[in-house]
Amino acid sequence: LEQISEELLKHDERSPPVTYLQQFAVRFEYPVCFTRGLFAVDNRLFADTLARCEPHRRHRFMAFVDAGLAAASPSLAAEIATYAEHYAQQLQLAASVAIIPGGESCKNDPMLVERLQHDLVKAGLDRQSFVVAIGGGALLDLVGYVAATVHRGIRLVRVPTTVLAQDDSGVGVKNAVNAFGLKNLLGTFVPPFAVLNDSLFLAKLDQRERIAGMSEAVKVALIRDANFFQWLESHAGDLHGGDVDALDHLIRRCAELHMRQIAMGGDPFEAGSARPLDYGHWVAHKLEGLTHHAVRHGEAVAIGIALDARYSVLSGLLSPGADVRICTLLERLGFALWHPTLESVDARGLTILEGLREFREHLGGELTITLLAGIGRGIEVHTMDEALIARAIRWLKERARA
Ligand SMILES: NC(=O)c1ccc[n+]([C@@H]2O[C@H](COP(=O)([O-])OP(=O)(O)OC[C@H]3O[C@@H](n4cnc5c(N)ncnc54)[C@H](O)[C@@H]3O)[C@@H](O)[C@H]2O)c1
Ligand SMILES: [Zn+2]
């Protein structure tokens with residue numbers, strides 16, 4: 001051994017380490033389309049989208065439909081099959097349309113992940129085939145994860161069917177399932193092949209789900225676009241009432257701002273610690289978990305937005321009064337901005353504060369939280385004062401009582 005080490009030392013002296021720098025860039029591109037009646041046979045969008053890279057081939061696909069959507073649209077699976085037959089030159093269903101549970105619980109079941117992965121293998125999907133996920137954000141996350149892991153990635157077409165999925169989660173580059181008690185622990189960053197938003201699906205949502213998805217629009221307006229915020233204020237009544245044109249505009253503008261952030265924010269795969277799109281989310285994620293998802297993601301985001309707006313004022317970043325304006329908009333849209341879990345305490349103090357630690361752990365590196373320096377202007381901070389957070393919580397409680 002000694003002899004070998006001596007040899008190695010000598011070798012080191014003679015030849016310094018050599019480093020080759022491997023470097024390449026990959027360009028990603030995917031269409032995000034808006035339509036009505038995606039699976040009506042006179043609508044070519046779905047067939048043309050799958051065939052966009054190789055128009056002269058027949059494309060095999062599997063479709064997974066959210067059971068909540070299927071219950072509200074019982075004929076959907078048959079419509080997809082009819083559509084595939086009508087466009088048989090371009091499309092081929094590789095297996096019958098599968099209806100799988102939607103909602104957060106579908107992200108909690110490792111057996112379901114394995115079953116779906118097996119389904120793709122049994123149907124013989126390869127890397128040129130397509131997985132089409134049709135449903136809410138939870139189902140898209142689950143099926144996206146399944147598609148990303150089989151054969152190291154099968155093309156994914158997302159068809160988001162909730163407001164939240166159409167204006168936010170569906171247009172992005174992430175997927176995930178929950179594991180070991182942690183939300184979104186296992187997942188990947190993979191841009192989809194395409195995103196197809198059909199506004200007709202939204203008519204099937206109940207009012208609570210429809211409203212829940214609108215908080216993401218308020219969020220992105222607050223950090224990026226003051227004009228959009230004003231538009232939301234002047235259309236809050238229509239949006240609350242379910243006006244289709246107003247909701248269409250909200251979804252498109254919100255999706256556009258999200259896409260711009262991902263493409264031009266300089267960190268599409270979130271390698272750094274900053275996540276401007278997660279304004280209000282350190283509270284939201286914790287609140288969803290603490291209430292076992294009784295508070296929906298969008299509802300928790302609304303509370304997180306309100307709390308961080310008040311905190312921004314208390315810490316001197318945002319002009320007094322802007323917090324009231326933000327809360328008023330959220331309330332007019334239909335959100336409740338108080339939940340008793342906000343004041344629950346454990347041995348370490350306010351339980352919600354664990355959300356800050358978990359947020360940092362999930363991202364890695366330094367704690368980075370987006371707050372507001374104005375309406376339309378996000379600002380990053382690296383510490384939050386617990387006493388001011390407690391004051392912001394009390395303010396929300398008093399507001400709700402008034
Ligand atoms: N990947 C990302 O970047 C990202 C971003 C934000 C949120 N998310 C995830 O999205 C999930 C929340 O998504 P969501 O708010 O869309 O809720 P959801 O997916 O939980 O769906 C809510 C309910 O609506 C039902 N449903 C779906 N479409 C329907 C329709 N058109 N008509 C009737 N019922 C319908 C579902 O079955 C479910 O019961 C969370 O798991 C969250 O972590 C992911
Ligand atoms: Zn969100």
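Numbering of ligands and ligand atoms starts at 1, following listing order.
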Which ligand 1 atoms are under 4.0 Å away from a heavy-atom of [X]?
X      : answer
Thr162 : 14 (P), 16 (O), 27 (C), 28 (N)
Lys204 : 32 (N), 33 (C)
Lys174 : 1 (N), 3 (O)
Gly136 : 16 (O), 19 (O), 27 (C)
Gly137 : 10 (O), 11 (C), 13 (O), 14 (P), 16 (O), 19 (O)
Glu104 : 20 (O), 40 (C), 41 (O)

His297 and His285 aromatic centres sub-6.0 Å =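 Yes, the ring centres sit under 6.0 Å apart.
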
Record the part of [X] in heavy-atom contact with ligand 1 below 4.0 Å; permitted values are side chain, backbone, both and neither.
X      : result
Leu140 : neither
Thr161 : both
Asp168 : side chain

Compare [options] and give the one whose heavy atom is closest to [atom].
atom                    : options                        : result
atom 18 (P) of ligand 1 : His297, Glu209, Arg296         : Arg296
atom 26 (N) of ligand 1 : Asp167, Leu69, Val301          : Leu69
atom 4 (C) of ligand 1  : Ser169, Gly213, Gly144, Pro101 : Ser169

Does ligand 1 come near enough to [X] that some N or O of the ligand is less than 3.5 Å from an N or O of the residue?
X      : answer
Ala138 : yes
Asn175 : no
Glu216 : no

Please work out which of the three classes, parallel, tilted or perpendicular, describes the rings of Phe28 and Phe269, given edges at 30° and 60°.
->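 The arrangement is perpendicular - the two ring planes meet at more than 60°.
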
For the residue pair Phe201 and Phe39, categorise the inter-ring angle as parallel (less than 30°), tilted (30 to 60°) or perpendicular (more than 60°).
->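 Rings of Phe201 and Phe39: tilted, 30 to 60°.
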
Any His339 side-chain heavy atom under 4.5 Å of Ile303 side chain |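 The answer is yes; the side chains approach within 4.5 Å.
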
Opening angle at the Zn ion (ligand 2) [NE2, His297; OE2, Glu216; to 10 degrees] =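 Once rounded, the angle between the two atoms at the Zn ion (ligand 2) is 90°.
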
Distance to 0.1 Å, residue and atom name: give those for the protein heavy atom nearest to atom 42 (C) of ligand 1.
->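 In this structure, atom 42 (C) of ligand 1 has Lys183 NZ, 3.6 Å as its nearest protein heavy atom.
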
Charged N to carboxylate O under 4.0 angstrom, Arg253 versus Asp225?
->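 Counted as a salt bridge, because a side-chain N and a carboxylate O are separated by less than 4.0 Å.
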
Ignoring hydrogens and geometry, is there a side-chain-to-backbone donor-acceptor pair from His281 to Tyr279 under 3.5 Å?
->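 Checking the backbone N and O of Tyr279 against the side chain of His281, a donor-acceptor pair under 3.5 Å is found.
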
